[in-house]
S.K.: 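Below you will find the structure I want to go over with you.
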Amino acid sequence: MNVLVVGQGGREHALAWKLSKSKKVGKIFVAPGNGGTAKESKCYNKKIDVNNFSALEELVNSENIELIVVGPEDPLVNGINDYFQNSSVQVFGPTKEGAQLEGSKIFSKKFMFENNIPTGAANFFSDSKLAKRHLETVEFPIVLKADGLAAGKGVLVSKKLGEAMQWIEDIMEKNKFGDAGNKVLIEECLFGTELSYMGIMTPYRFYPFETSVDYKPLLDGNSGPNTGGMGCMSPSPFMNDELLKNINKQIVEPTMNGLRNAKIDFYGFMYFGLMVKDNQPKVLEYNCRLGDPETQCLMLQLDSDLLKVLLDALSDDLKNISWGKQSSMGVVIASGGYPGSYKKDQHIEISELDKVKLFHAGTKDYNGELLTSGGRVFSLNAKAPDLESCKKIIYTNINNIKFNDMVYRKDIGDIYES
Ligand code: AMP
Ligand code: GLY
């Protein structure tokens, strides 16, 4: 079977790599892919934008593609599943309506309120004057969120009234995020330990993935600005039986019931962003995709055949997913300046790597030369009997990768409670 993976990050490299291990997979097309997917066995990059559905359709038809696996949220929110609804190719990922759980923070907050899913209290505003007036009445810190997708930058946790007022002005009056900021939420700030809980959701069952921890801040000690994620370890030391039971009963089951009641047939990845205190979880956000760099860790852990898992889930025939017992870890290597501005087109040197898997993200192949093309450039991953061994393997290899202004955290694998 030929497969199309949509996206270009480390997550998509890991998905394509794991799919390539499946005997039933023929060719894997990655649109647009990166310098790593271009070199992976069975994989072919196609320079097509993830939201250009008609160009993807041409590729699907000309290459006999039977399954599309969608990595990022944008094409899902823009309706890639709906676009291919009347064709024979199957799309792994929810419809436009289901993807609203991620695409509209107001939709998702209302969904949680209606289904009694624990989450922070929030008010919604489409008028900046009313939003500013409300800010004068709340306790700080407070959380401000743009309703629509804003490339992961649409949330501000603010301690000061002046800063919050400025945010409202930038987002609602100066349209910093375009239409995504026409409406905003002003939300109660939750405290505790953040936890990502991911898996595959179908209308009647949720299949959890191995647990994982994302290191969001840029710098060692979990300090500095938030990023898309600077590293990952799996399994998570923060999960326990009671918490798992609470997550399933209070969040996963009511989410599935709520989707069914709303007549939304949800088949795809689901990522619950949670805040946990005293084993009580509350939802910060839904994502209808997998995390990056968590996927890179998880694909190393996955024992099952990924193609079979996805196809069985789509036909309500998935029994279980089998995960290896070993630990898995990944360290993100980024361009200096990220998550702000950074240089691109930097020459990359890679010498011998041993016992690691290097997933590419912001790289491109330019006439045979590997160049940087993004903020997060690689995730260097290892699987070993324990986290200490993973850590040793990765940090021994990391100096064999070199480009100008390369940065990475030196403490991935350390445990930070909150
Ligand atoms: P979101 O995209 O909604 O997950 O927000 C991005 C990040 O903002 C989360 O990973 C949290 O670190 C933080 N955040 C979001 N909502 C809240 C909240 N209600 N209380 C505290 N932190 C939050
Ligand atoms: N690593 C966090 C995310 O993918 O949203």
Side-chain angles (χ1 to χ4, degrees), residues 7 9-12 14-15 70-74 76-77 101-109 111-113 117-123 138-159 164 167 177 180-181 184-198 209 211-218 222-234 236 269-277 281-298 330-332 334 338-339 359 361 375-376 379 409 412 416 418:
R11 170 183 49 208
E12 289 75 21
L15 289 169
V70 187
E73 63 279 17
D74 278 46
L76 293 166
V77 171
L101 280 184
E102 177 164 5
S104 163
K105 290 192 188 288
I106 293 182
F107 175 93
S108 93
K109 190 60 94 174
F111 177 89
M112 289 184 257
F113 289 161
I117 294 166
T119 185
N123 293 83
V138 298
E139 268 184 44
F140 280 75
I142 196 86
V143 184
L144 304 161
K145 295 184 177 179
D147 177 43
L149 293 181
K153 299 195 173 100
V155 176
L156 175 73
V157 180
S158 176
K159 293 197 177 104
W167 189 92
F177 299 140
V184 303
L185 291 84
I186 299 182
E187 182 172 320
E188 171 194 5
C189 188
L190 301 174
F191 300 93
T193 303
E194 276 194 63
L195 185 119
S196 310
Y197 190 59
M198 272 168 253
F209 279 9
T211 55
S212 58
V213 176
D214 176 21
Y215 289 75
K216 277 190 179 154
L218 179 69
N222 266 355
S223 60
N226 259 349
T227 68
M230 293 300 289
C232 177
M233 66 172 162
S234 170
S236 162
F269 298 118
M270 174 60 98
Y271 165 164
F272 299 93
L274 307 175
M275 187 69 91
V276 180
K277 197 168 180 207
K282 289 189 178 178
V283 178
L284 296 174
E285 63 169 344
Y286 288 110
N287 295 308
C288 47
R289 56 173 175 83
L290 292 177
D292 184 337
E294 294 93 322
T295 307
Q296 293 88 310
C297 264
L298 293 168
V331 175
V332 168
Y338 170 79
F359 292 113
R376 291 191 292 173
S379 168
R409 279 181 62 160
I412 303 302
Y416 298 100
S418 60

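First listed ligand is number 1; within each ligand, the first listed atom is number 1.
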S.K.: So, taking the atom named CD in E294 and the one named OG in S379, what distance separates them when rounded to the nearest 0.5 Å?
M.R.: 10.0 Å
S.K.: Side chain or backbone of L190 under 4.0 Å from ligand 1, or both, or neither, by non-hydrogen atoms?
M.R.: both
S.K.: Is there a heavy atom in G273 that sits closer than 4.0 Å to ligand 1?
M.R.: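 No heavy atom of G273 comes that close to ligand 1.
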S.K.: What residue and atom, counting heavy atoms only, is the protein's closest point to atom 5 (O) of ligand 1, and at what distance?
M.R.: V155 CG2, 3.4 Å
S.K.: Check salt bridge (Lys or Arg N to Asp or Glu O under 4.0 Å) between R289 and all other residues, then give those that pass, not counting sequence neighbours.
M.R.: E73, E102
S.K.: Measuring centre to centre across the rings, with the benzene-like ring taken for any Trp, is Y286 within less than 6.0 Å of F272?
M.R.: yes
S.K.: Looking at side-chain heavy atoms only, is the closest gap between F359 and T295 below 4.5 Å?
M.R.: no
S.K.: Let me see the working for Y271 and M198 under side-chain contact (heavy atoms from CB on, under 4.5 Å), right down to the final yes or no.
M.R.: CA-CA 4 Å; Y271 165 164; M198 272 168 253; 3.6 Å; yes
S.K.: Can you check whether A361's main-chain N or O pairs, donor with acceptor, with R376's side chain at less than 3.5 Å?
M.R.: no
S.K.: Identify, by atom number and element, the atoms of ligand 1 in contact range of E187, meaning under 4.0 Å from any of its heavy atoms.
M.R.: 16 (N), 18 (C), 19 (N)
S.K.: For ligand 1, is K282 a contact, meaning one of its heavy atoms is under 4.0 Å away?
M.R.: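 The answer is no: ligand 1 sits nowhere under 4.0 Å from a heavy atom of K282.
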S.K.: For ligand 2, run through the N/O pairs with the protein that fall under 3.5 Å and put one pair on each line.
M.R.:
{"from": "ligand 2", "atom 1": "1 (N)", "to": "D214", "atom 2": "OD2", "distance (Å)": "2.8"}
{"from": "ligand 2", "atom 1": "1 (N)", "to": "G228", "atom 2": "O", "distance (Å)": "2.9"}
{"from": "ligand 2", "atom 1": "1 (N)", "to": "D292", "atom 2": "O", "distance (Å)": "2.8"}
{"from": "ligand 2", "atom 1": "1 (N)", "to": "E294", "atom 2": "OE1", "distance (Å)": "3.0"}
{"from": "ligand 2", "atom 1": "1 (N)", "to": "E294", "atom 2": "OE2", "distance (Å)": "3.4"}
{"from": "ligand 2", "atom 1": "4 (O)", "to": "R289", "atom 2": "NH1", "distance (Å)": "3.0"}
{"from": "ligand 2", "atom 1": "4 (O)", "to": "D292", "atom 2": "N", "distance (Å)": "3.0"}
{"from": "ligand 2", "atom 1": "5 (O)", "to": "R289", "atom 2": "NH1", "distance (Å)": "3.3"}
{"from": "ligand 2", "atom 1": "5 (O)", "to": "R289", "atom 2": "NH2", "distance (Å)": "2.9"}

S.K.: Distance-only check: which donor-acceptor pairs under 3.5 Å involve side-chain atoms of residues 147-154, not counting sequence neighbours?
M.R.:
{"from": "D147", "atom 1": "OD1", "to": "S104", "atom 2": "OG", "distance (Å)": "2.8"}
{"from": "D147", "atom 1": "OD1", "to": "K105", "atom 2": "N", "distance (Å)": "3.1"}
{"from": "D147", "atom 1": "OD1", "to": "I106", "atom 2": "N", "distance (Å)": "2.8"}

S.K.: What verdict does the side-chain contact (heavy atoms from CB on, under 4.5 Å) test give for L290 and L15, after you've listed the backbone C-alpha separation in whole Å, the side-chain angles of each residue and the deciding distance to 0.1 Å?
M.R.: CA-CA 10 Å; L290 292 177; L15 289 169; 4.3 Å; yes
S.K.: So, K216 and E194, do they make that salt bridge, N to O below 4.0 Å?
M.R.: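 Judged by the 4.0 Å cut-off on N to carboxylate O distance, K216 and E194 do form a salt bridge.
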S.K.: Does V213 offer a backbone N or O that forms a donor-acceptor pair with the side chain of S236 under 3.5 Å?
M.R.: no
S.K.: Classify the contact between K145 and ligand 1 as side chain, backbone, both or neither, using a heavy-atom distance cut-off of under 4.0 Å.
M.R.: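 Under 4.0 Å from ligand 1, K145 contributes side-chain atoms alone.
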S.K.: If you count the atoms of ligand 1 from 1 in the order shown, which ones are under 4.0 Å from a heavy atom of E285?
M.R.: 1 (P), 2 (O), 3 (O), 4 (O)
S.K.: So which heavy atom in the protein is nearest atom 17 (C) of ligand 1, and how far is it from that ligand atom?
M.R.: L284 CD2, 3.4 Å
S.K.: Given that the side chain starts at C-beta and the backbone is N, CA, C, O, which of these parts of V143 lies under 4.0 Å from ligand 1, counting heavy atoms, or is it both or neither?
M.R.: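 Just the side chain.
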S.K.: Quick one: which ligand 1 atoms are inside 4.0 Å of a heavy atom on E188?
M.R.: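 Taking each heavy atom of E188 in turn, ligand 1 has 18 (C), 19 (N), 20 (N) under 4.0 Å.
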S.K.: Could you name each residue pair satisfying side-chain hydrogen bond (donor to acceptor under 3.5 Å, both in side chains) that touches residues 225-234, not counting sequence neighbours?
M.R.: S234-Q301
S.K.: Is the side chain of K109 donor-acceptor paired with the backbone N or O of G120 at a distance under 3.5 Å, no angle test?
M.R.: yes
S.K.: Looking only at protein heavy atoms, which one is nearest to atom 9 (C) of ligand 1, and what is the separation?
M.R.: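 The closest heavy atom on the protein side is E194 OE1, 3.6 Å.
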S.K.: Just which atoms of ligand 1 are under 4.0 Å from any heavy atom in K105?
M.R.: 1 (P), 2 (O), 3 (O)
